[in-house]
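Worksheet for the structure shown next.
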Amino acid sequence: PWLRWEDRNRLTGSSLRCSENGRPERKFRKIDLITRFLVLEGGTPCKKCTKQVLCGKKLNLPANGDHLATGDRGGRVVLFERTDTQDHVGHRRDLEKMDYPINRHPEFRYKTEFQSHEPEFDYLKSLEIEEKINKISWCQSSNGALFLLSTNDRTIKLWKVQEKKVKKVCNMNVDLTKAMGNGPIVGSSISTSSKQHIANGGCTSNDFSFPTGGFPSLHLPVVVVVNPECLFVTSHETNLMARCRRIYTHAHDYHINSISNNSDGETFISADDLRINLWNLEISSQSFNIVDVKPANMEDLTGVGVGRLKGGKGYGGVAIELLLSHYPVITSAEFHPTHCNMLAYSSSKGSIRLLDMRQSALCDTHSKLFEGQEAPGSRSFFTEIIASISDIKFAKDGRHILSRDYMTLKLWDINMDSGPVATFQVHEYLRPKLCDLYENDSIFDKFECCLSGNGLRVATGSY
């Protein structure tokens with residue numbers, strides 16, 4: 001399996017589903033705003049894939065763009081690596097600065113995969129926790145190893161992916177034809193025999209004897225690196241191993257919707273509908289609550305809304321009462337890319353709050369508030385629903401924030417809180433059909449957004 005860039009006029013959107021026979025089939029469902037986008041080609045269906053399991057649900061790129069991580073509803077994380085940069089010296093970003101001509105688009109090759117989360121059950125609350133991956137966030141690399149955070153609804157895990165050399169012992173002081181008790185010897189051709197062998201290389205027959213005068217010489221066994229697939233001696237083959245280093249749990253009572261790494265490389269935040277917690281990467285036993293919007297009376301969220309927070313699945317059905325309530329909930333949160341003391345979070349009321357952790361330990365008050373102005377006479381029954389922000393992203397320079405609500409993309413300048421500096425209409429043709437979208441719960445769908453490294457392009461999803 002590999003990733004490539006496709007032209008928009010050839011393919012308008014793609015995602016992988018697993019059919020009843022277990023083979024992945026392509027189902028068109030999303031469209032982007034820019035001329036090209038990533039398409040997942042091929043891939044192996046996960047063991048848990050059924051007709052309802054959608055692969056490639058979450059996708060994330062590290063800062064250098066050399067690797068790509070995807071998460072699916074089966075709790076699996078698949079890693080890909082760039083292949084087009086191997087033909088030239090340096091990263092693609094450095095080549096672009098030198099006006100180096102690049103004649104083809106980035107290509108990604110399958111690297112490895114691992115099972116990140118398993119289905120769990122909360123016996124205290126009688127709640128089934130799905131294994132689906134909600135978010136993936138890359139951490140700073142160290143000693144040639146890749147680190148990433150992945151989370152489902154309740155549990156966050158820190159993974160380390162590193163190349164390990166597979167070692168085995170060869171050059172033994174035994175007769176290869178009589179050493180079948182412990183399996184084949186590396187680097188040798190074992191001939192089959194009808195003799196009955198026992199453990200430790202022994203043989204039940206009586207024809208085994210030491211030569212007269214003993215063996216002429218003895219040699220020490222040698223530990224060599226082998227290819228685990230072909231079982232031949234080599235010094236270049238490695239095996240990618242994914243290891244879970246930390247598990248951060250028991251800190252959220254509601255579904256986790258965001259995780260974001262800090263620029264200091266030591267901490268990260270996790271956000272659910274009502275709280276934002278600050279973690280240290282090395283400490284999984286405790287976290288600090290820095291934002292808490294939980295009302296004193298939970299009835300303010302309406303009874304149906306509370307049911308969704310505790311055990312609902314996504315935006316649909318019971319989520320209607322939650323979004324129609326007058327109490328805002330947290331929908332997304334992210335750290336500033338350069339200032340480790342600043343972060344921003346969005347709400348279901350269409351506002352973005354910029355926080356400074358230097359002001360107080362509990363960030364009850366915001367430093368800046370960004371809200372869009374409602375046009376006179378445009379208010380309707382659906383105004384508050386479509387104003388809910390589903391995702392926010394900082395630009396790489398930290399000056400701008402990109403937000404996505406149901407109908408639009410908005411670009412905000414953190415130095416100007418009077419309104420967005422740019423607004424992009426995503427699917428304005430759906431505005432006359434909001435009533436139908438409300439009836440089938442599609443109006444509660446959530447879309448993500450992102451900016452390019454140079455901040456000149458933005459991308460998001462649609463139907």
Report the distance from atom [atom1] of [X] to atom [atom2] of [Y], rounding to the nearest 0.5 Å.
X	Y	atom1	atom2	answer
Leu355	Asn341	CG	CG	10.5 Å
Leu68	Leu79	CG	CG	8.5 Å
Cys340	Asn261	SG	CG	13.0 Å
Phe394	Leu402	CZ	CG	11.5 Å
Ile269	Ser260	CD1	OG	5.0 Å
Ile414	Ile352	CD1	CD1	11.5 Å

Can you confirm whether [X] sits close enough to [Y] that some side-chain heavy atom of one is under 4.5 Å from a side-chain heavy atom of the other?
X	Y	value
Cys449	Leu409	yes
Pro337	Lys396	no
Ile276	Ser270	no
Arg457	Leu451	no
Ile330	Val291	yes
Pro328	Val293	no
Asn289	Leu362	yes

Without hydrogens or angle criteria, can the side chains of [X] and [Y] be said to hold a donor-acceptor pair below 3.5 Å?
X	Y	answer
Thr331	Ser346	yes
Thr155	His117	no
Gln359	Ser367	yes
Arg404	Thr460	yes
Asp153	Asn134	yes
Thr267	Trp279	no
Asp272	His255	no

Practice task
Given side-chain contact (heavy atoms from CB on, under 4.5 Å), test Ile443 with Leu434 step by step and report yes or no.
Solution key: CA-CA 7 Å; Ile443 199 172; Leu434 291 179; 4.3 Å; yes

Exercise for the section: Show your reasoning for whether salt bridge (Lys or Arg N to Asp or Glu O under 4.0 Å) applies to Arg399 and Asp413. Expected result: CA-CA 6 Å; Arg399 174 72 181 270; Asp413 190 333; 2.7 Å; yes

With a cut-off of 6.0 Å (strictly less than), are more than 12 heavy atoms of other residues, nucleotides or ligands near [atom1] of [X]?
X	atom1	result
Met416	CE	yes
Phe288	CZ	no
His250	NE2	no
Phe121	CZ	yes

Between [Y] and [X], is the closest basic N to carboxylate O distance under 4.0 Å?
X	Y	answer
Arg358	Asp356	yes
Lys393	Glu448	no
Asp292	Arg275	yes
Glu384	Lys349	yes
Asp391	Lys446	no
Asp253	Lys294	no

Can a donor-acceptor pair be found, under 3.5 Å and without considering hydrogens, that links the side chain of [X] to the backbone of [Y]?
X	Y	result
Thr83	Glu107	yes
Asp441	Phe444	no
Ser390	Asp405	no
Gln115	Gly74	yes
His336	Gly398	yes
Lys132	Asn152	no

Nearest non-hydrogen partners of [X] and [Y], listed with the distance:
X	Y	result
Met407	His427	CE-O, 3.3 Å
Ser403	Ile392	CB-CG2, 3.9 Å
Gly265	Leu281	O-CD1, 3.5 Å
Val426	Gly461	CG1-O, 4.0 Å
Val421	His400	CG2-CD2, 4.5 Å
Leu437	Tyr406	CD1-OH, 3.3 Å

Exercise for the section: Measure from the ring center of Phe108 to the ring center of His67 and say whether it is less than 6.0 Å. Expected result: no

Handout entry: Centroid-centroid under 6.0 Å between Phe114 and Trp159 rings
Key = yes

Handout entry: Check against side-chain contact (heavy atoms from CB on, under 4.5 Å), Thr112 and Val161
Key = CA-CA 9 Å; Thr112 187; Val161 182; 4.1 Å; yes

Problem - Parallel, tilted or perpendicular, as decided by the 30° and 60° cut-offs, for the rings of Phe447 and Tyr463 - result: perpendicular

Exercise for the section: Test salt bridge (Lys or Arg N to Asp or Glu O under 4.0 Å) on Glu113 and Arg76 and set out the steps. Expected result: CA-CA 7 Å; Glu113 65 184 63; Arg76 184 181 60 168; 3.2 Å; yes

Practice task
Please name all residues satisfying ring pair (Phe, Tyr, Trp, His ring centres under 6.0 Å) with His366, sequence neighbours left out, ordered by chain then number.
Solution key: none

Problem - side chain to side chain donor-acceptor pair (under 3.5 Å) evaluation trace for Ser263 with His339 - result: CA-CA 7 Å; Ser263 58; His339 299 314; over 6 Å; no

Handout entry: From CA spacing to verdict: side-chain contact (heavy atoms from CB on, under 4.5 Å), Phe370, Leu354
Key = CA-CA 8 Å; Phe370 304 93; Leu354 188 65; 4.0 Å; yes

Practice task
Among Tyr248, Phe335, Trp138, find the residue that satisfies the ring pair (Phe, Tyr, Trp, His ring centres under 6.0 Å) test when tested with Phe268.
Solution key: Tyr248

Exercise for the section: For the pair Tyr438 and Phe381, evaluate ring pair (Phe, Tyr, Trp, His ring centres under 6.0 Å) and give the outcome as yes or no after the intermediate values. Expected result: CA-CA 10 Å; Tyr438 176 82; Phe381 174 78; 5.5 Å; yes

Practice task
Could you walk me through whether Glu130 and Arg73 pass side-chain contact (heavy atoms from CB on, under 4.5 Å), step by step?
Solution key: CA-CA 8 Å; Glu130 295 181 344; Arg73 298 181 68 93; 4.3 Å; yes

